[in-house]
Amino acid sequence: MQEMEKNFDPKQYEEQLYAQWMDKGYFHDEPDANKKPFTIVIPPPNITAQLHIGHALNNTLQDILTRYKRMEGYCTLWLPGTDHASIATEVKIIEALRKEGLTKQDLGRDEFLKRAWKWYDTYGGRIVEQLKRMGSSCDWQRLRFTMDDGLSHAVNEVFVRLYEKGLIYRGSRIINWCPTCKTALSTAEVEYEEQASHLWHLRYPLADGSGYIVVATTRPETMLGDTAVAVNPADERYTQLVGKTVLLPIMNREIPIVADDYVEYEFGTGAVKITPAHDPNDYELAQRHNLEMINILNGDGTINDNGGAYCGMTALAAREAIVAEFERLGLLEKIEDYSHNVGVCYRCHHTVEPLISEQWFVAMDSLAKPAIDVVRSGEIKMVPERYERTYYNWMENIRDWCISRQLWWGHRIPAWYCQDCGEMVVARTAPDKCPKCGGEHLKQDDDVLDTWFSSALWPFSTLGWPEKTADLDYFYPTNVLVTAYDIIFFWVARMIFSGLEHMDEIPFDTVLFTGLVRDAQGRKMSKSLGNGIDPIEVIDQYGADALRFALTVGVSAGNDMRFRDEKVEAGRNFANKIWNASRFVLMNLGDEPIASIADVQLDAADRWMLTQLKAASAEISGNLDHYEIGMAAQKVYDFIWSTFCDWYIELAKTRLYNGSEEEKRAARAVLFYTLKACLKLMHPFMPFVTEAIWQHLPTGEETIMRSAWPDAAEIPSFEEDAKKMDDAIEIIRSVRNIRAELKVPTSVKTSLLMAAAPEAAAYLPEFERYIMAQAGVTHLELLPQGSPDPHGTVSAVCAAGTLFLPMKELVDIDKELARLDKELAGAIKDISSNQSRLDNQTFLSKAPAQVVDTVRQTLAAAQERRALLEKRIATLKEI
RNA sequence: GGGAGCAUGGCUCAGUUGGUUAGAGCAUUCGGCUUACAUCCGAAAGGUCAUAGGUUCGAGUCCUAUUGUUCCCACCA
């Protein structure tokens with residue numbers, strides 16, 4: 001066993017330990033009927049690029065839960081994988097092509113797909129490497145990709161089943177179209193941006209020449225496709241116009257003026273131009289009024305043949321030209337400044353155009369209902385709970401899901417069209433001939449599926465569905481899904497209804513939401529700001545454990561967090577702290593075999609330590625069980641740093657350096673026992689440093705990650721003895737406090753006198769050596785009961801009694817009096833607050849007896865403190 | 001137009017089901033190279049828990065309103 005270096009150097013261990021874990025197969029479990037399964041499926045990162053800090057947070061939490069459950073003895077599976085991210089990846093590849101001066105059409109579908117697969121090889125692999133750097137204990141033997149054969153098979157199966165049930169249909173609807181990506185989008189894929197624009201007031205002349213009606217619009221170019229003007233039926237300004245027609249300028253088309261409740265008369269002019277093919281509201285209104293629908297846009301966002309003279313112009317160019325033309329014709333009433341929401345594509349951020357198009361849809365009504373029920377009933381819980389409301393809100397107002405995309409990279413829609421008779425066949429595999437006419441010229445649908453269609457199946461498609469595999473049987477449903485709140489609609493909701501529909505079971509019982517990781521100023525990380533943080537750079541600089549620490553300690557579920565270097569530094573320091581504590585223990589274990597804590601004479605410090613350990617492990621396990629990961633991490637930190645290092649190790653030195661052999665044996669046993677427990681409690685959070693240490697220790701176990709999680713029930717506790725140690729600690733703190741306040745140099749030792757309560761007098765001698773060592777005193781002298789306060793001393797009042805430091809030559813009497821006055825004021829405040837509670841009859845009758853009792857005790861203690869302080873002040877004034 | 005979150009010492013944040021004197025890290029001040037660690041140790045100072053009401057024996061925690069701030073959803077052209 002090599003020696004431990006003075007400081008923990010992550011670089012020296014991380015890669016090597018990870019390789020070791022992989023070699024030994026520690027991340028892999030086979031279904032085991034004797035164990036309970038614990039399953040997490042990773043939210044598959046998009047292969048578009050490398051992982052960002054948000055992924056690091058997400059995966060750290062999953063790893064913590066997985067490692068915890070694994071140590072608890074569950075049969076665990078954390079299933080990793082990546083997502084082909086149809087549109088996002090395609091956008092990236094097209095960008096790359098453009099730099100080579102190519103378009104995707106230049107390449108053709110097959111060549112393009114080759115590029116995409118190459119992209120997957122590069123970035124998919126890189127993502128896996130990044131996950132490994134973070135210490136993720138994923139089962140790499142079960143690595144999946146949404147375009148794997150197995151998963152593609154699942155996608156086809158689901159498509160065909162839903163089609164056969166009538167839940168997938170093809171139809172012509174108004175959809176959101178991204179002219180840049182040249183594809184349809186689902187409603188979820190449209191984001192809205194506030195944009196400063198104008199409201200153009202246009203005059204539409206009445207066909208009978210009796211004047212004109214003014215319409216207001218934010219998109220003047222759509223007038224090319226207008227097929228009506230609408231007003232509110234109750235709007236008196238226009239009642240006499242309803243039923244008349246206007247002559248649409250430029251197009252010279254005669255279109256009706258109709259009345260419809262949809263029109264708000266306060267807005268604009270109260271008259272709306274109706275463009276059914278390019279506005280969802282107009283579309284609905286057109287259906288009510290049987291209006292013509294004229295599509296004026298090409299797929300690339302330019303004006304088509306229906307736009308007459310404007311054909312071929314971009315929508316924006318057409319807008320300018322049309323406004324100019326209206327002005328020339330004297331038909332431009334006015335232009336107002338107007339700011340409104342514009343829909344943009346969530347991938348390329350260009351304005352989307354609503355248009356009518358033939359697409360594939362999933363009918364949502366019957367799927368949504370059971371998915372709502374399982375959350376309402378609590379079968380699926382969301383942490384924090386408030387996201388359940390967001391979920392209901394979406395699911396209850398859900399619209400049919402447009403799933404076809406005019407893209408190449410993705411799962412091609414399993415529908416074929418007979419070139420001879422036009423018949424459409426939806427099938428699991430390519431049909432060789434048309435079932436209707438027998439023709440052999442069948443052409444597959446050109447479109448691919450929404451990338452989220454395959455992600456929706458992830459919890460079961462990754463486990464082998466539709467085959468009935470052992471994995472699927474054992475690991476499904478999964479336990480917890482850890483994801484950011486921004487994909488609740490895209491993904492979480494769709495997994496829930498898909499799981500219910502195809503597995504007849506929920507996909508997971510808990511959804512743990514993470515917040516967004518923001519930069520140190522609280523800004524969202526973005527490419528344009530260039531404020532993104534690369535987790536790998538952080539790991540290179542501080543180590544993976546430090547990064548994980550910064551992302552977890554004190555963070556609460558679903559809340560955004562700021563990422564600050566200081567916190568990573570704190571994490572690095574913590575790793576170094578446990579490293580050095582372990583180094584200390586290791587140096588002091590001696591040559592004899594380490595005894596069990598059951599076989600040694602435990603002293604008060606040991607009993608205190610074990611009692612604290614028992615409480616801490618119970619609390620930490622409890623926090624983890626409730627997904628309070630930030631709090632669990634905080635407790636691990638505090639317990640190890642303060643309780644174990646700052647107190648117990650320091651106390652143990654007394655016996656290690658000056659104790660008898662038997663005492664050394666006891667101290668070593670408890671140090672070793674507690675250290676191992678500390679490492680285990682810490683391991684899910686900081687796997688590398690804990691494993692590195694573990695392998696330096698004579699534990700007899702080759703890895704910490706498969707060791708047993710500390711079971712609080714098995715740790716002995718000694719409440720009463722622990723209380724005595726607490727009293728001694730209070731004495732030590734008081735002495736240190738006085739010494740610091742009076743600026744007594746550490747080198748100056750002093751004797752300590754105590755007027756102790758009788759019980760305390762009995763046990764304090766046992767603590768004398770600890771007090772001596774920790775407080776810098778030469779010896780502890782117990783004053784006889786009832787003896788007067790010694791002159792020329794400084795004092796402090798503790799639970800165990802009053803202590804005196806005979807340092808009158810060092811003490812400024814006035815300062816000391818001031819200090820005592822301050823303490824007295826504190827005591828008086830405590831007395832009055834507690835007394836007033838006890839004076840309250842309702843409190844006495846309604847509060848639990850235990851609470852009342854505590855208040856009584858607190859009051860008594862405060863009163864005693866006051867008496868002692870007053871006495872002390874009086875004697876000091878006599879000097 | 002609906003809905004949600006946040007507001008706690010100088011900064012960044014915790015605070016489980018309401019229960020003694022509201023915690024931590026960083027920063028600050030003071031004292032320390034004490035044979036695990038200066039990536040450290042000891043000590044201190046610093047908070048009317050946004051504001052105003054209410055419920056309760058008891059409120060940072062529950063309710064109502066207000067202010068500020070962030071976000072989500074929504075078809076006012």
Side-chain angles (χ1 to χ4, degrees), chain A residues 4 6-8 192 199 215-219 222 230 262-264 266-269 271-275 279-284 340-341 354 384 386-387 389-390 393-394 397 485-486 488-489 515-516 520 522 524 542 546 553-556 558-562 564 566-567 569-570 572-588 619 622-623 626 628 630-631 634 637-638 645-646 649-650 653 657 733 736-741 743-747 773-774 776 826 829-830 833-834 837 840-848 850-852 854-855 857-859 861-862:
Chain A
M4 291 173 76
K6 192 172 168 185
N7 288 313
F8 173 62
Y192 290 88
L199 197 55
V215 296
T217 180
T218 53
R219 293 189 297 159
T222 60
Y262 152 70
V263 182
E264 307 269 338
E266 306 87 44
F267 189 87
T269 61
V272 191
K273 58 187 274 311
I274 299 299
T275 321
D279 183 288
N281 298 309
D282 293 6
Y283 176 78
E284 281 171 26
H340 67 141
N341 280 331
R386 62 173 182 271
Y387 287 107
R389 292 187 68 146
T390 313
N393 193 29
W394 162 265
N397 298 297
Y485 61 72
D486 56 354
I488 183 164
F489 308 134
L516 266 34
K524 221 167 163 171
Y542 297 100
V553 172
V555 170
S556 61
N559 280 8
D560 291 357
M561 60 172 294
R562 297 185 195 204
R564 314 171 79 226
E566 292 91 322
K567 205 158 177 196
E569 274 173 34
R572 178 204 54 188
N573 294 354
F574 184 41
N576 194 54
K577 186 69 184 176
I578 188 76
W579 176 264
N580 272 289
S582 308
R583 205 157 73 92
F584 171 81
V585 172
L586 195 57
M587 283 172 180
N588 287 283
E619 285 179 30
N623 286 139
H626 293 100
E628 294 155 352
M631 185 158 287
Q634 182 75 54
Y637 180 86
D638 289 341
C645 295
D646 288 347
I649 287 186
E650 292 308 318
K653 284 177 181 172
Y657 298 160
R733 286 205 156 113
R736 286 174 178 172
N737 181 345
I738 293 173
R739 294 177 56 115
E741 263 188 38
K743 314 236 188 307
V744 180
T746 336
S747 53
Q774 301 305 313
K829 189 179 149 211
D830 283 358
S833 78
N834 286 289
R837 297 178 80 182
N840 185 335
Q841 283 308 316
T842 20
F843 172 68
L844 294 179
S845 56
K846 291 200 177 180
Q850 201 189 341
V851 173
V852 176
T854 328
V855 173
Q857 285 173 21
T858 314
L859 176 64

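We find that CD of A/Glu650 is positioned 12 Å from P of B/A43, with the value rounded to whole Å. Residue A/Asp282 contributes atom CG, which lies 12 Å from atom P of B/C76 at whole-angstrom precision. Look at CZ on A/Phe267: it is 10 Å from P on B/C76, rounded to the nearest Å. With rounding to whole Å, A/Lys577 atom NZ is found 11 Å from B/A36 atom P. Taking atom CZ of A/Arg562 as the reference point, atom P of B/A7 lies 12 Å away to the nearest angstrom. We find that CG of A/Asn623 is positioned 7 Å from C1' of B/U16, with the value rounded to whole Å. We find that CG of A/Leu199 is positioned 8 Å from C1' of B/A77, with the value rounded to whole Å. In this structure, the NZ atom of A/Lys846 is 13 Å from the P atom of B/U55, given to the nearest Å.
Among B/A43, B/U39, B/U16, the nucleotide with an atom closest to any side-chain atom of A/Met631 is B/U16. With B/G25, B/C57, B/C75 as the choices, the nucleotide that has an atom nearest any side-chain atom of A/Tyr192 turns out to be B/C75. Picking from B/G3, B/A14, B/C37 the nucleotide with the shortest atom distance to the side chain of A/Arg389 gives B/G3. The side chain of A/Arg733 lies closest to B/A43 when the candidates are B/A24, B/A43, B/C37. Here B/G19 is the nucleotide among B/A4, B/A36, B/G19 with the atom lying nearest to any side-chain atom of A/Arg837. Listed nucleotides: B/G5, B/A43, B/C57. Nearest to the side chain of A/Asn840: B/C57. The side chain of A/Val851 lies closest to B/G19, out of B/G15, B/C73, B/G19. For A/Val272, the side-chain atoms get nearest to B/A77 when compared with the rest of B/C75, B/G19, B/A77.
OP1 or OP2 of B/A14 has at least one side-chain nitrogen or oxygen of A/Asn559 nearer than 4.0 Å. At least one side-chain nitrogen or oxygen of A/Arg736 sits closer than 4.0 Å to the OP1 or OP2 atom of B/A43. When the side-chain nitrogen and oxygen atoms of A/Ser556 are compared with OP1 and OP2 of B/A14, one or more of them lie within a distance under 4.0 Å. Dashed line: the shortest gap from a side-chain N or O of A/Asn737 to OP1 or OP2 of B/A44 is under 4.0 Å. The side chain of A/Lys6 places no N or O atom within less than 4.0 Å of a non-bridging phosphate oxygen (OP1 or OP2) of B/U39. Between A/Tyr387 and B/G3 there is no side-chain N or O to OP1 or OP2 distance below 4.0 Å. Checking the phosphate oxygens (OP1, OP2) of B/C40, a side-chain nitrogen or oxygen of A/Asn573 falls inside 4.0 Å. Regarding contacts with the backbone of B/G31, every side-chain N or O of A/Arg739 stays at 4.0 angstrom or more from both OP1 and OP2. Phosphate proximity of B/C11 to A/Lys567: absent, as no side-chain N or O sits under 4.0 Å from OP1 or OP2.
In this structure, CZ in A/Phe584 is found 6.0 Å from CD1 in A/Ile649, a value given to the nearest 0.5 Å.
Of all the heavy atoms in A/Asn576 and A/Lys6, the pair that sits closest is OD1-O, 4.2 Å. Here the closest heavy-atom approach between residue A/Met631 and residue A/Asn623 is recorded as CG-OD1, 3.8 Å. Scanning all heavy atoms of the two residues, the minimum distance from A/Ala575 to A/Phe8 falls at CB-CD2, 4.1 Å. Across A/Asp560 and A/Leu516, no two heavy atoms sit closer than the pair OD1-N, 2.8 Å.
Between the side chain of A/Glu650 and the main chain of A/Gln774, no donor-acceptor pair closer than 3.5 Å is present.
RNA chain B forms stems at B:1-7 with B:67-73, B:10-13 with B:23-26, B:28-32 with B:40-44, B:50-54 with B:62-66, each a run of 3 or more consecutive Watson-Crick or G-U wobble pairs whose two key distances fall under 3.5 Å.
In this structure, A/Val263 reaches the bases: a heavy-atom distance under 4.0 Å links it to at least one base atom across the strands shown.
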**OP:** Begin with the C-alpha distance, continue with both residues' side-chain angles, and end with the deciding distance and a verdict on side-chain contact (heavy atoms from CB on, under 4.5 Å) for A/Asn580 and A/Asn7.
**Re:** CA-CA 7 Å; A/Asn580 272 289; A/Asn7 288 313; 4.1 Å; yes
